[in-house]
There are 2 protein chains.
Amino acid sequence: MTVGIKDVAQRAGVSVATVSRVFGNGPVSPELRERVEKAIAATGYRPNLSARRLRSQHSQTIGLMVADIRRPFFTALSRVVEDEAYRQGMRLILCNTDESPEREAMYLRLMEEERVTGLIWAPSRGSLERLSDDGPPFPLVLIDRGSPSGRYDCVGLDNHQATATLVRHLHAIGRSRIVGIFGNTSSTAIDRHLGYLSATASLGLSSEAFFVAPNAEAAEREILKVFSRPDRPDGVIASSNLMLLGVVKAMRRLELRTPDDVAIAGFDNETWSELVGPGLTVIEQPVGDIGRMAMTLLFDRLKAPKAPARKVMLTGRLIVRGSTAPVTGLVDEPVD
Amino acid sequence: MTVGIKDVAQRAGVSVATVSRVFGNGPVSPELRERVEKAIAATGYRPNLSARRLRSQHSQTIGLMVADIRRPFFTALSRVVEDEAYRQGMRLILCNTDESPEREAMYLRLMEEERVTGLIWAPSRGSLERLSDDGPPFPLVLIDRGSPSGRYDCVGLDNHQATATLVRHLHAIGRSRIVGIFGNTSSTAIDRHLGYLSATASLGLSSEAFFVAPNAEAAEREILKVFSRPDRPDGVIASSNLMLLGVVKAMRRLELRTPDDVAIAGFDNETWSELVGPGLTVIEQPVGDIGRMAMTLLFDRLKAPKAPARKVMLTGRLIVRGSTAPVTGLVDEPVD
DNA sequence: AAAACCGATGAAAAGGATTACATGAAGCTC
DNA sequence: GAGCTTCATGTAATCCTTTTCATCGGTTTT
């Protein structure tokens, strides 16, 4: 039926060990190597990865668990991680958790059964807290969300600083009643909320934060409610891309002009960010760097399992566009 | 070291076969089943999937090869396919080919080595043509792009019809010089081009098509060039999301008003489609249906390997927005 | 009461590769 | 030329399960 290593060996007139060595770059004379390679080509032999993994005890597989691949940040991240993984000859298992602790637990079990070499994971708020007790039997790199216990390597945007940058920017263009709207499931939102709080406090501004499900609809509803009150804010910071879109929709509904009536800003720079309304002011995340750093942390951890955990915080870039400035032109105006 | 099925068996005082049967829902007395389950919990045993797959000769894995996970259509698709796969107790291997035949060939080899149960694939133009010769040793479902030989199951949008719908829509609002801009790597673009040609022809309109790399920058450059000529078109159809963004950018550069000066329309409805400029008129693809149908085709094929190939073409939905109509309101206006 | 059957269980083979160890030839040293 | 090392090669054990087959008690059939 399916051709195995034995068939190749027989055809080439060598032992199975020699065939295996041809794949593993073991010591094989040029002559035999050529005979084996011919036999492989002739038979169309493909090594069975399950058998190889079983025997060699190397899964050559890493896991990537994200909340939802459809969120632009995770989409971009998965692409980077995948490229990097395949470049290193490893496979990637991708899982969407929807921030549900049950799904996370299920997928963690799957990762164990796959005997993954390591896992890159953006854990939900709930799992993050429970993570201190019993770690999984493989290296773990947390992305986008810090590990409170400090037991695990992690990498992500400096959310505290980035949000503070947004607040200061809105303040610099004369806004004083700046509200923040944050997601209620991720721990990223917590960091951003803290950055928002400390920046408003240090500038002597009032602060008001709202927590809703991390999607456009929920954000739109909440903002509509907030803006129906008599004392209208003049600035809004949204803690995610989708929520920012919800804010834009709410502004349209209310027929408020951006940025004249309300200045708005958020996170993640996308192809379309400059084309929505007057252009959206955002913090651009260095998603390529985050992905590559996650891989680096993982491979370093494999080399030195006992080394102390590292926490890498990368800086975002503020991209100012029409939503927080008088419309002056059509080109991006990067500002630090 | 790591706990195996033997350890569990020993601890429960049964044979390894019985432990295996507990996992496989084989015939086990309630009493023994409970003892085994206790032993599993106590030892934290996790079955080794590599060993299981090797012995059972079932990889329980399906492959998904797309051009680039970052394209919204593929992002959404992968999410659907992944959910469906995990629901059926299967794993998913995801690969980005970037429409490169070399990468496609490499990943096809990988799929063989993984002994995947089946593959869902959006092949590049080049691979699609070469596909007739020697098929892979597993069922194949093509998405988004038809199989010319008719040898493989496939599912996707009816691109011909969808593009014709766009042309007729532009014609209905009084446009007569409608140009089309298409990607030069995917076969989807070919179908859309054909739909564009036949619709313009049957309406007695002139036609002019441009083929560029499927990204916003290339589309923008090309459109800038086209619109610098004296006889300006009054309508543009873009064959992808990203290219449509390029068109919008070009319009901004040229300070042309949409839709007054030029009406534009394209493919794929996204969260932000209604918020870009005056709102983008697009054909919404039934991506959920496409993904689920791909899985259905695959599983049907597994049941009946010899059944004739099926070609499923789904209808898109035209969503008319400001980019092709006088701005009348802010809500979507679905039209057939 | 013997024969046939049944369902739960265990012993052992099988699945397809890698790898530890043994072997034997060739090349060196003295 | 005896003894030692080196290197390519082969033999067989091994990785961890699932699955086949045999066994065994107990029930039903004749």
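A note on names: the letters A, B, ... follow the listed sequences, proteins ahead of strands, and every chain is numbered from 1. Remember, it's a predicted structure, so these values are computed and weren't measured experimentally.
B/L49 has its CG atom 15 Å from the C1' atom of D/dC15, to the nearest Å. The CZ-C1' distance, from A/R53 to D/dT17, rounds to 15 Å in whole Å. Taking atom NZ of residue B/K6 and atom P of nucleotide C/dG10, one finds them 16 Å apart after rounding to whole Å. Residue A/N48 contributes atom CG, which lies 13 Å from atom C1' of C/dT18 at whole-angstrom precision.
At the phosphate of C/dA17, OP1 or OP2 sits under 4.0 Å from a side-chain N or O atom of A/Y45.
A salt bridge links A/E99 with A/R71: the distance from a Lys NZ or Arg NE/NH1/NH2 to an Asp or Glu carboxylate oxygen falls below 4.0 Å. Note on A/E113 versus A/R109: no salt bridge recorded, every NZ/NE/NH1/NH2 to OD/OE distance being 4.0 Å or above. Comment: B/D83 engages B/R79 in a salt bridge, judged by a side-chain N to carboxylate O separation of less than 4.0 angstrom.
Of the residues A/R130, A/R103, A/E104, the one that meets the side chain to side chain donor-acceptor pair (under 3.5 Å) test with A/S124 is A/E104.
The stretch residues 9-35 of chain B comes close to DNA chain C through B/V14, B/S15, B/A17, B/T18, B/R21, B/P27, B/V28, B/S29, B/L32, each having a heavy atom under 4.0 Å from the strand. Residues from residues 54-62 of chain B that place a heavy atom under 4.0 Å from any atom of DNA chain C, listed by number: B/L54, B/R55, B/Q57.
If you check the side chains of A/T188 and A/D144, you find a donor sitting under 3.5 Å from an acceptor. With no hydrogens or angles considered, no side-chain donor-acceptor pair links B/T61 and B/E114 at under 3.5 Å.
Summarising the local packing, CD of A/Q60 is surrounded by more than 12 heavy atoms from other residues, nucleotides or ligands at distances under 6.0 Å.
A search for side chain to side chain donor-acceptor pair (under 3.5 Å) contacts involving B/K6 returns nothing, not counting sequence neighbours.
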